[in-house]
Every structure is written in C-alpha cells, then in structure tokens.
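Values below: all heavy atoms of this structure, side chains included; hydrogens, waters and symmetry mates excluded. Both counts, for ligands and for their atoms, begin at 1 and track the order of listing.
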Amino acid sequence: MKDLVFSLIDKEKVRQSEGLELIPSENYVSKEVLEAMGSVLTNKYSEGYPSFEGIPGWSEDKIATEILPNYRYYGGQDNVDRIERLAIDRACRLFHADHANVQPHSGAQANNAVYFAWLEPGDTVLGMSLPAGGHLTHGAPVTQSAHTYHFVGYGVTDDGNIDYDDLEAKALEHEPKLILVGYSAFMKIPDFARVAKIRDKVVEKSGHEVLLVADMAHVAGLIAAGVHPNPLNFGFDVMTTTTHKTLRGPRGGLILSKGNVASPLKKPEKNLANIPILIDRAVFPGTQGGPLEHVIAAKAVAFGEALKPEFKTYAENIIKNAKALAEALQKDGFILQGGGTDNHLILIDVQKSFGFDGKLYEKALDKVGLTLNANSLPHDKGAAFRPSGVRLGTPAITTRGLGVEEMRQLSHWMKLVADICKKAGSEETLSDYKAELSQIHTEVKTLAQNFPVPTI
Ligand code: DSN
C-alpha cells in the first residue's frame with residue numbers, strides 16, 4: 001500500500017488547483033523544474049565546489065562537457081559538477097553578476113552565510129526592521145544572527161517608502177560594517193543609488209569598508225526579467241535571494257556578487273576584493289554541509305526558463321496584475337499601505353479599512369479558496385499573531401494566466417468576504433455565514449479550474 005503521505009499530497013494538489021494562491025512569496029514551478037527536483041541527484045553527496053576555473057564566455061555545451069579540476073570531497077562528481085556549473089553560469093547571466101553561489105538551502109541560509117563571510121561577532125549591521133517590512137534574518141531578536149551581530153533597524157515613511165533620512169542618520173551614527181536593503185513586505189522600488197552614496201559617506205567617516213547587500217528574495221524574478229532595477233548595477237557588492245518566489249524555481253537560496261574567486265585554497269583576508277571566495281567558504285564549510293544537488297539542478301532549469309523572452313512577459317504581467325488588483329481593491333473600499341504598489345505585492349490595512357484584524361480576514365478567505373497571509377503593518381498595534389493587515393501578491397496567479405479582468409473579480413470576492421467578516425466579528429461566528437462563503441467558494445473554484453496549475 002502507498003504511504004499515507006501520498007494521499008495528503010493528492011489532497012494538496014486539489015487545494016492548489018481549486019484555490020487561488022495570493023501569498024506574494026509563492027509560485028507554481030514548471031513540470032521540468034519539478035522533474036529535476038525529484039530526480040536521482042537526491043542520492044548524491046557533493047561537499048565542496050565544481051571548478052573555480054573557466055566558464056565566463058563559454059557556451060552551455062562546453063560547460064556541460066568540459067572536464068575541469070573540482071574542489072569536492074567525494075568521487076563520482078562528473079555530472080553533478082556540470083549541472084552546478086550550468087546553474088552558476090545561468091545565474092550570473094540572469095543577474096549580471098560575476099559570481100554566484102547556488103548552494104544555499106534557503107534565503108535565510110544565504111543571508112547567514114553573507115554575515116558569516118564578512119562580519120565578526122558584535123559587528124554592526126543596518127537593515128530594515130521587521131515591523132517596517134524587513135525580514136526575520138535582518139536582525140529580528142528571535143534569530144541566531146541577532147545574537148551574534150548587533151543589528152540596527154531603519155524604518156519606512158508614512159507613504160510606505162524606505163525612510164532614507166532615517167537610514168542615513170543611523171548609518172552615520174552607528175557606522176555599520178554591513179548595510180542591507182531588502183524586505184518581505186514592501187511595495188516600492190528602492191533607490192539603490194542613494195543607499196550606495198550613504199555607504200560611501202560611512203566609509204569616509206569610519207575609515208572601514210562597508211559591505212552593501214541587497215536581499216531581493218521577493219523581486220528576484222522581476223530583476224532577472226529587467227522590469228525592476230538590479231542592485232548590482234548600482235554599486236551593491238552582494239545580492240541574496242530565494243529562488244522560489246517571483247523567480248519561479250525550487251525552494252532554495254542564491255548569493256550573487258561582483259568580482260572573481262581568487263585562490264580557493266588560501267584563507268582570504270576580509271576585504272571587498274575577496275568577497276566571492278569569502279562567500280563560497282562561508283556557505284561551505286562555514287554554514288552548510290552537503291549541497292542539495294537535485295535542488296541545484298532544478299535551480300539551473302528555472303534559471304534557464306527565466307533567461308527566455310517569455311519570462312520577461314510573465315514578469316511584466318505580474319506587475320500589471322498587481323497594479324490592476326490594487327486599483328480594484330481601492331475602488332472597493334480597501335485602504336492600502338503606500339497607496340498602491342510598484343511591484344508584485346500589496347499590503348492591506350484591514351483594521352483601518354473595515355475595523356477587524358488581518359487574521360480573521362485570512363481565515364475567512366481560506367474558506368473561499370483565496371490564500372494570503374495576515375501581516376503586521378508599520379507601527380502595528382496588533383499582536384504578532386493578530387496583526388492589522390494582510391499581504392497578497394500576483395506572482396502565482398499570473399503564472400496560471402489570470403489577467404486584469406480576473407483581478408477585478410478577485411477584488412469583488414474579497415469585498416464580499418470582508419463584509420461577511422464585519423458582520424461575523426470573529427472566527428467562531430463565521431460558521432453562521434456558511435452558505436454565503438460556500439457560494440463564493442464555488443465561484444472561485446470555477447474560475448480556478450479555467451486556469452490550471454502547470455504541474456497538475
Ligand atoms: N517567508 C518569506 C515571505 O513570505 O516573504 C520570506 O522569507
């Protein structure tokens with residue numbers, strides 16, 4: 001008999017195909033990405049790295065056939081080496097980087113490796129604070145990195161933008177060794193050039209080098225497609241990202257940088273020229289063991305897809321849909337943080353719009369097959385588990401082919417559910433509105449079935 005797990009996977013397939021995924025950090029991978037991830041590469045150990053030599057300017061055929069010395073701790077690496085080299089080469093081409101480390105198991109691992117590569121315990125990092133829209137790994141007190149390094153947080157302005165004056169004042173006051181631009185709940189386009197100038201001022205004042213890092217996990221696909229500025233083109237040294245959000249690859253992490261690996265075998269000094277090798281050593285053996293080569297293969301396939309012209313159209317449509325959805329929501333009475341969106345993500349102030357919290361709204365939307373997440377807003381007075389807002393976005397539904405017209409329909413359903421929550425007032429009493437919720441759920445399912453998930 002098949003393991004019980006498979007019946008649950010089948011149920012998840014039904015959930016995914018009958019509902020609409022609005023969590024802005026989720027997506028649906030292609031059949032090819034899924035196939036690479038579920039391949040025999042999962043059987044292989046490959047601690048270390050494929051060649052540091054060669055590659056720039058090589059054809060993919062040459063990368064896939066040429067034998068180069070590797071820096072692995074196990075035999076049997078011929079195929080794995082070439083797959084990892086393809087992933088590295090494609091990542092560099094996608095993001096105009098000189099160097100890519102494709103081994104981080106996740107975005108958190110990628111960020112932690114960069115910290116470990118550059119910082120000493122107690123060093124100061126300046127990043128966007130979690131309540132302002134930053135990420136846990138940018139210094140939230142509950143994280144391991146916050147116990148190791150000294151994080152200072154900058155905030156956002158009332159109109160939802162980065163508070164650059166706050167960032168500059170804190171940078172000059174605290175003279176951080178690392179400045180971080182990145183977020184998981186932010187809907188504007190960062191002014192990378194302005195942050196690069198602030199870094200220069202800190203270097204001048206402090207006399208020490210400052211690493212400029214962009215955590216672009218949410219918008220990596222938009223950057224790859226050229227519809228969002230690339231921090232590496234504006235003086236940033238390092239960009240970290242996950243590979244599964246707008247980039248539409250497998251769950252995993254990636255670190256990109258300018259500069260080339262010098263000697264992989266000598267212990268490098270911590271300076272900006274050595275960043276690529278410092279990062280490689282910080283990922284393995286610094287913070288990780290064996291790389292997940294089946295996931296790296298799936299990353300390579302996803303990067304190959306993102307290099308195709310169709311991916312640019314996809315990324316443009318993500319933004320077009322997000323703007324259309326934001327406009328429809330505002331017409332339907334929703335109050336949006338930042339007054340709209342410039343990327344793939346929308347933050348709704350549910351409390352201000354309708355007088356109830358984001359968690360109740362998330363739970364009610366779950367009942368009609370619309371999945372998003374409750375999210376804190378800047379200066380939120382609600383508890384972490386009962387924040388005032390919800391966060392949603394368009395990467396996944398755009399993959400399924402929904403367009404501007406469907407965005408208006410989505411907003412209409414969301415308003416109907418908001419009206420039900422207002423009447424119900426709590427999760428317990430939502431059951432009094434079962435019939436109305438079930439009618440909306442049927443309509444959502446009908447629409448969802450017209451836009452199938454690529455792998456189901
Ligand atoms: N959990 C991710 C998100 O949803 O934004 C960030 O790591």
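Cation-pi check for Arg248 over Tyr314 is met; the charged atom lies under 6.0 angstrom from the ring centroid and within 45 degrees of its normal.
Put simply, the side chain of Thr429 gets close to the backbone of Ser426: a donor and an acceptor are under 3.5 Å apart. Although no hydrogens or angles enter the test, the distance criterion places no donor-acceptor pair under 3.5 Å between the side chain of Tyr49 and the main chain of Arg281. Between the side chain of Arg90 and the main chain of Phe303, no donor-acceptor pair closer than 3.5 Å is present.
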What are the polar N/O contacts of ligand 1 with the protein below 3.5 Å, with distances?
unit_1	atom_1	unit_2	atom_2	d
ligand 1	4 (O)	Ser25	OG	2.6
ligand 1	4 (O)	Arg391	NH2	2.7
ligand 1	5 (O)	His218	NE2	2.7
ligand 1	5 (O)	Arg391	NH1	2.8
ligand 1	7 (O)	His135	NE2	2.7

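Aromatic pair Tyr164/Tyr154: centroids not less than 6.0 angstrom apart.
By the 4.5 Å heavy-atom criterion applied to side chains, Lys177 and Glu209 are not counted as neighbours.
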